[in-house]
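The next block holds one structure in the form of structure tokens; read it before the comments.
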Amino acid sequence: MTNFFQVAEERRSTKVYNPEVEIPREELVEILEIAGKAPSAWNLQHWNFLVFDQKEVQERLLPIAYNQQQVVDASAVVAVLGDLEADKNIDPVLDPSVEKGEMTPELKEILSKQIKGAYSRDQYPRDAAFSNASLAAMQLMLAAKAKGWDTCPIGGFNPSALISEFNISGRYLPIMLITIGKPLKEARKTDRLDIRNLIDWAE
């Protein structure tokens with residue numbers, strides 16, 4: 001599928017996967033590469049992806065995800081992590097633009113001060129980690145669907161247990177798990193609220 005509107009219409013949360021299907025790592029990397037093109041504040045790319053594509057590690061993940069069977073039956077699971085220290089990406093993100101002449105050193109300095117000011121506020125790093133990593137998570141699911149894979153975002157898991165079991169750095173905050181695979185049965189269709197009831201026009 002290449003038509004965006006078809007992909008967006010047909011993406012549904014699949015919870016029953018064919019456990020016999022494997023996904024090549026190179027295809028996972030391609031999907032994650034597209035996910036990583038999601039927008040982010042100052043282009044700091046506030047995300048990290050922890051990938052589970054072996055049954056042994058998926059089994060270790062199972063109790064952390066409250067024994068949801070999709071976690072082991074899926075071809076892979078991606079833990080989307082939000083970066084609490086994305087301000088450390090200033091140089092690797094902005095320096096290439098300066099070197100190519102696409103950004104002046106003066107503009108880099110202005111942006112750096114803005115970023116450091118934002119990250120000096122207590123709540124901002126956590127808020128930015130959640131909002132920006134969630135943008136990448138949605139793009140991941142759309143990219144997977146465009147390549148013929150179904151997904152399901154999972155918020156029901158134990159973040160502290162995930163951190164402990166898989167030695168996740170304190171820099172990262174677990175945002176969600178996303179299962180990826182081929183369905184054994186079609187995902188249940190869900191209704192949507194009338195969008196007109198969810199729109200207000202500012203005056």
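If you're wondering where the values come from, they're calculated on a predicted model, not measured in any experiment.
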inquiry  = If you apply the rule side-chain contact (heavy atoms from CB on, under 4.5 Å), what do you find for Lys15 with Gln68, and how did you get there?
reply    = CA-CA 9 Å; Lys15 298 180 180 178; Gln68 296 180 64; over 6 Å; no

query = When you check the side-chain N and O atoms of Asn67 and Gln69, is any donor under 3.5 Å from an acceptor?
reply = no

How long is the span from the [atom1] atom in [X] to the [atom2] atom in [Y], to the nearest 0.5 Å?
X      : Y      : atom1 : atom2 : result
Glu59  : Lys55  : CD    : NZ    : 8.5 Å
Glu102 : Lys100 : CD    : NZ    : 4.5 Å
Leu111 : Trp42  : CG    : CH2   : 8.5 Å
Thr14  : Ile180 : OG1   : CD1   : 11.5 Å
Ile175 : Ser134 : CD1   : OG    : 5.5 Å

message = Would Phe49 and Leu140 count as a side-chain contact (heavy atoms from CB on, under 4.5 Å) here? Give the steps.
response = CA-CA 10 Å; Phe49 304 112; Leu140 187 163; 4.2 Å; yes

Does anything in [range] form a salt bridge (Lys or Arg N to Asp or Glu O under 4.0 Å)? List the pairs, not counting sequence neighbours.
range          : answer
residues 64-78 : none
residues 37-47 : none
residues 16-26 : Arg25-Asp53

Pairs of donor and acceptor atoms involving the side chains of residues 118-125, under 3.5 Å and at least two apart or interchain, shall be tabulated with distances.
| from | atom 1 | to | atom 2 | distance (Å) |
| --- | --- | --- | --- | --- |
| Tyr119 | OH | His46 | NE2 | 3.4 |
| Ser120 | OG | Gly117 | O | 2.6 |
| Gln123 | NE2 | Asp127 | OD1 | 3.1 |

query = If you count the non-hydrogen atoms of other residues, nucleotides and ligands that lie under 6.0 Å from CD in Glu9, is the total more than 12?
reply = no

key: Residues in side-chain contact (heavy atoms from CB on, under 4.5 Å) contact with Arg188, at least two apart in sequence or another chain   = Thr190

Other members of the hydrophobic cluster containing [X], with the 4.5 Å side-chain heavy-atom rule, please.
X      : answer
Leu184 : Val16
Val29  : none
Phe166 : Leu50, Phe52, Val57, Leu61, Leu62, Ile64, Val71, Val72, Val77, Leu81, Ile154, Phe157, Leu162, Ile163, Ile168, Tyr172, Leu177

ask   = Is it true that Lys182 and Asp150 make a salt bridge, defined as a side-chain N closer than 4.0 Å to a carboxylate O?
value = no

Looking only at atom types and distance, does a side-chain atom of [X] sit under 3.5 Å from a main-chain N or O of [Y], one as donor and one as acceptor?
X      : Y      : value
Glu109 : Leu107 : no
Ser164 : Ser160 : no
Gln58  : Ala74  : yes

Just list the side-chain donor-acceptor pairs under 3.5 Å for residues 89-98, sequence neighbours left out, or say none.
| from | atom 1 | to | atom 2 | distance (Å) |
| --- | --- | --- | --- | --- |
| Asn89 | OD1 | Arg171 | NH2 | 3.2 |
| Asn89 | ND2 | Leu44 | O | 2.8 |
| Asp91 | OD1 | Lys108 | NZ | 2.7 |
| Asp95 | OD1 | Lys108 | NZ | 2.6 |

Less than 3.5 Å apart, which donor and acceptor atoms pair up between the side chains of residues 195-203 and the rest of the protein, not counting sequence neighbours?
| from | atom 1 | to | atom 2 | distance (Å) |
| --- | --- | --- | --- | --- |
| Arg196 | NH1 | Asp194 | OD1 | 3.4 |

task = Mind checking side chain to side chain donor-acceptor pair (under 3.5 Å) for Glu27 and listing every partner two or more places apart, or none if nothing turns up?
result = Trp149

Residues in side chain to side chain donor-acceptor pair (under 3.5 Å) contact with Arg60, at least two apart in sequence or another chain = Glu165

message = If you define the side chain from C-beta out and look only at heavy atoms, does anything of Ser13 sit under 4.5 Å from Arg11?
response = yes

query = Can you find a pair of side-chain heavy atoms, one from Ile34 and one from Glu30, that are under 4.5 Å apart?
reply = no

